[in-house]
Amino acid sequence: MKVMRIDNERHKHAVSSRSQNELWRNTFLYNPQSLLIADLNGIVLLSNDSFKLTMGSLDASANSLNILALIYSSQGDLERSFIEDLIEERIHEFKVVRPLRIKENDRWFSINVSLVKDDFGNAAELLTVIEDITEKHDAELALRSSEERFRATVNYTHIGITMITLQGRFIDVNPSFATMLGHTQEECLGLTIFDVTHPDSIDETMQNVAKLIAGEFNFFRLVKKYWRKDRSWIWVQSTVSLIYDESAAPAKIVAVTEDITDRVRTEEGLRLSETRALFAAEAANIGTWDFDIASQLVLLCEVSRRILGVEAIGEVTLKEIIRCIYQDDRRNVLRALRATFQADGNGRFDMTFRVFALGGQLTWVQAMGQTFFPDHGNRLTPNRFSGAILNVTDQIIMHQELKSARAAAEEANAAKTIFLANMSHEIRTPLGAILGFSELLKSKRGSQIDNEHYLETIIRNGQSLIGIIDDILDISKVEAGQINIEEVDLDIYELLVEIKGLFLERCREKNIRVNLNIDPSIPIFINSDSTRVRQILVNLVGNALKFTEKGSIDIIARSFVFSNFATGISIAVKDSGIGLSPDHFVKVFQPFSQVDNSTTRRFGGTGLGLFLSHQLAKAMGGDITVRLNEAENESEVGCTFTFTFVAGQARNSIANKLLDFSPLSRSHHLQDKRILLAEDAFDNQLLISTILCDQGALVEIAQNGIIAVQKAFEQNFDIILMDLQMPQMDGYQATRKLRSSGYKKPIIALTAHAMGSERIKTREAGCDFHLTKPINPRELIDTIERCTLLH
């Protein structure tokens, strides 16, 4: 029984040992770490699967691998000192980090060797644990490199960088900060923020630090004074922020500090200079201003406020300044300001304009200024606009008097010359149509319909001549003071409807709307001169239609109280046309004044209509005024002419006679070779082409000089008939362009100007012959035949 009990114990012990060995073996073989078992000489006895996967190029199967070869880089380094230290228990483990070339790649490994004892506590084997730490090793190298670069940046930047405890003690400073204060880096580490901050800046500094720690803002920037080691002080700008610990609690303060002493002293000197300049300007009665473009606020001195009529003290908005400018000058001033603020210009402003000074007095001022751009290399946006302003009313008045006295004779002579030239053109143009179509009627070659149109054209051009002659006679009466104003009863509503009707068809042709707005307060019947009222309104609406290419014309009638026995009538004609330049505002009501007096002018007329209408309105107790309309599109802002007159109370209900205007003429055609007719007037196109086509010619029409030049080179014409007054490019310019480009065919000049100087000008331009309007058909045909024979 005793023997049996002993065998059972041995059996249990054997079973337990096998079980433990199985557990150890599985743990070893399938461990995710690379493991080796070596004898006490370092020869590898056993390796696990992880080792084979990681170190596949190393053979650990034939007792050929020694752990010493993994640990040491060369045979000369093979030593067993660490194994002896393990056996003698002088060390508990041995650890080394080194690179190994695995699968043709260098990788870093941590190799840890420890001693395994047997059941009796004797040294038995060596256990080696190998870990691939390549990624960790590379990350540590990158971190060290980054730290070195950061330290180099901090040490060699010219800006001071410091790290401070929350209590204000410096714990790290770069060399620039130490140099800034005249200390060494070691000396700075014994200082606090209170030791270097000027007393004037301590309270503000600590208040901002407290708010920073409390989380009220992420950083703050402060300009303050620092004490240097020699007890002199400097101006600095510090940007302060926080460093947080792992629990997101404030741990340290970081400050980036720049010495701005030179900048502050420069600004103080500049302010002193500005103060001195301000005193000098005030002594000379010159106002100054400084405009902060970002805030749109203007700082004015006392003299500037007095000149501009600004009562507010301190900064005012730019809009308040603009409101002080006279309305007629405001648009030009704003346009000049916009140009001044452009980055591609020189930023200078110099302009003379009118303002309303204190008391509402209209004053002339000269403003000079300069726009300043931030110095960022690439100028984009201005930040300041400063300058001076001077009251120049006396100088302007004196200059205007001298200028008007000297130029009066020249203007009178120029006006006479322009008037004669325009009159020659305006009279000869309808006269040419009258004579030409009369010849066609006389020949009796046209059909009845053609003859009726010829007659209508003759009548319409005859009426145009009568209108010109009437204007001349009326001006003579005005200048002699013999103008008579009749007083008859008229239906003002009917008259206004009639005026609209007269222009309705012509407006439809140009796709322009005509709107009539009559205030109900206007009496239906008034007592005034219906002929003069109609004459003035026909002129105003006709002008509006002439200068308007698109949009609308508004006729707006209102009344106002003049007296117990008379009513004031105001009739405004508002258009959306080309408007008026400042120069034309001054002379729009002068005789012979035109928007364009050049030979390329787009709009006809004698220049008498507005002058005569203005004089008639004054004779009727009223006036005619003009203003530019406000609109976004400056090219078609349009004008509003307002006609006012005084009307008496009507005595009887009356019916008005309507003016008899002939209908518009229709086109006709002409004769013999290939002829290019450059002519912008429709009636002249019709007349000349009809004459030529009757003789067998093939006629091509060009409405202006540009088209004429283009067609002359595109087609083969025998001769060109060139009108000298055309839009866009006149006949002189077109002829010069053709001749300079080598055009050899004959060119005959056609003009309504009959003066001898015109013939010289046409010859110099390159024309072969010169014919004067109205055109003589026989002379035209003979001249063409003579020119074509010569060429």
Side-chain angles (χ1 to χ4, degrees), residues 281-282 284-291 296-313 315-341 347-371 385-408 411 572 578-590 593 595 610 614 623-631 634 637-642 644:
E282 290 182 352
N285 202 31
I286 299 174
T288 59
W289 83 80
D290 186 74
F291 175 39
Q296 294 288 294
L297 294 177
V298 185
L299 181 62
L300 300 173
C301 72
E302 176 60 32
V303 176
S304 294
R305 290 199 299 272
R306 185 168 60 250
I307 291 175
L308 294 172
V310 176
E311 297 182 356
I313 297 176
E315 293 180 322
V316 296
T317 64
L318 181 62
K319 289 184 178 180
E320 293 180 73
I321 302 296
I322 297 301
R323 281 198 291 267
C324 298
I325 300 173
Y326 183 55
Q327 184 177 358
D328 292 351
D329 298 342
R330 195 174 297 167
R331 184 179 299 277
N332 292 331
V333 173
L334 289 174
R335 187 183 296 115
L337 280 176
R338 283 194 291 270
T340 302
F341 295 158
R348 294 174 185 169
F349 178 85
D350 189 349
M351 194 171 185
T352 301
F353 52 92
R354 290 163 290 183
V355 299
F356 288 105
L358 290 176
Q361 182 180 0
L362 196 62
T363 304
W364 281 96
V365 299
Q366 181 180 7
M368 297 159 288
Q370 177 68 50
T371 302
F385 177 51
S386 303
I389 189 168
L390 178 66
N391 185 338
V392 293
T393 304
D394 294 340
Q395 293 91 319
I396 291 291
I397 293 174
M398 184 182 300
H399 176 73
Q400 289 175 343
E401 290 175 350
L402 291 174
K403 185 178 179 180
S404 60
R406 182 181 61 188
E411 289 181 357
I578 62 174
L580 286 174
S581 68
D583 291 340
H584 288 110
F585 264 103
V586 177
K587 58 183 182 180
V588 66
F589 296 117
Q590 294 177 4
S593 174
V595 170
L610 284 177
H614 192 229
D623 198 0
I624 297 179
T625 58
V626 61
R627 64 175 177 83
L628 278 177
N629 303 327
E630 294 184 0
E634 294 183 2
V637 65
C639 292
T640 298
F641 283 84
T642 303
T644 59

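These values consider heavy atoms only, across backbone and side chains, with no hydrogens, waters or symmetry-generated copies. Nothing fancy with the numbering, it's 1 onward along the sequence.
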Any side-chain heavy atom of [X] sitting closer than 4.5 Å to one from [Y]?
{"X": "Q296", "Y": "F291", "value": "yes"}
{"X": "T317", "Y": "V298", "value": "no"}
{"X": "I321", "Y": "V310", "value": "yes"}
{"X": "V355", "Y": "Y326", "value": "no"}

Of the non-hydrogen atoms in [X] and [Y], which two are nearest, and what is the gap between them?
{"X": "V626", "Y": "C639", "answer": "CG2-CB, 4.2 Å"}
{"X": "F349", "Y": "M351", "answer": "CZ-CB, 3.7 Å"}
{"X": "F385", "Y": "W289", "answer": "O-NE1, 3.2 Å"}
{"X": "L300", "Y": "V316", "answer": "CD1-CG2, 4.0 Å"}
{"X": "G347", "Y": "T340", "answer": "O-CG2, 3.3 Å"}

The criterion is side-chain hydrogen bond (donor to acceptor under 3.5 Å, both in side chains); which residues satisfy it with [X], sequence neighbours excluded?
{"X": "Q370", "value": "none"}
{"X": "T352", "value": "none"}
{"X": "D290", "value": "R384, S386"}
{"X": "Q327", "value": "none"}

So, the side chain of [X] versus the backbone of [Y]: is there a donor-acceptor pair under 3.5 Å, distance only?
{"X": "R330", "Y": "I325", "result": "yes"}
{"X": "S304", "Y": "T288", "result": "yes"}
{"X": "R354", "Y": "D329", "result": "no"}

Exercise. After noting the C-alpha distance and the side-chain angles of I322 and K319, does the key distance pass the side-chain contact (heavy atoms from CB on, under 4.5 Å) rule?
Worked result: CA-CA 5 Å; I322 297 301; K319 289 184 178 180; 5.5 Å; no
Sequence neighbours excluded, the answer for side-chain contact (heavy atoms from CB on, under 4.5 Å) partners of A339 is none
**Message:** Let's go through R627 and D328 carefully: what are the C-alpha distance in whole Å and the side-chain angles of both, what is the deciding distance for side-chain contact (heavy atoms from CB on, under 4.5 Å) to 0.1 Å, and is it a yes or a no?
**Reply:** CA-CA 8 Å; R627 64 175 177 83; D328 292 351; 5.8 Å; no
Under 3.5 Å, side-chain donor or acceptor atoms of residues 388-399 against the rest of the protein: list the pairs with distances, not counting sequence neighbours.
{"from": "N391", "atom 1": "OD1", "to": "T393", "atom 2": "N", "distance (Å)": "3.0"}
{"from": "N391", "atom 1": "OD1", "to": "T393", "atom 2": "OG1", "distance (Å)": "2.8"}
{"from": "T393", "atom 1": "OG1", "to": "W364", "atom 2": "N", "distance (Å)": "2.9"}
{"from": "T393", "atom 1": "OG1", "to": "W364", "atom 2": "O", "distance (Å)": "3.3"}

Could you please spell out the steps behind the side-chain contact (heavy atoms from CB on, under 4.5 Å) verdict for F641 and T625? CA-CA 6 Å; F641 283 84; T625 58; over 6 Å; no
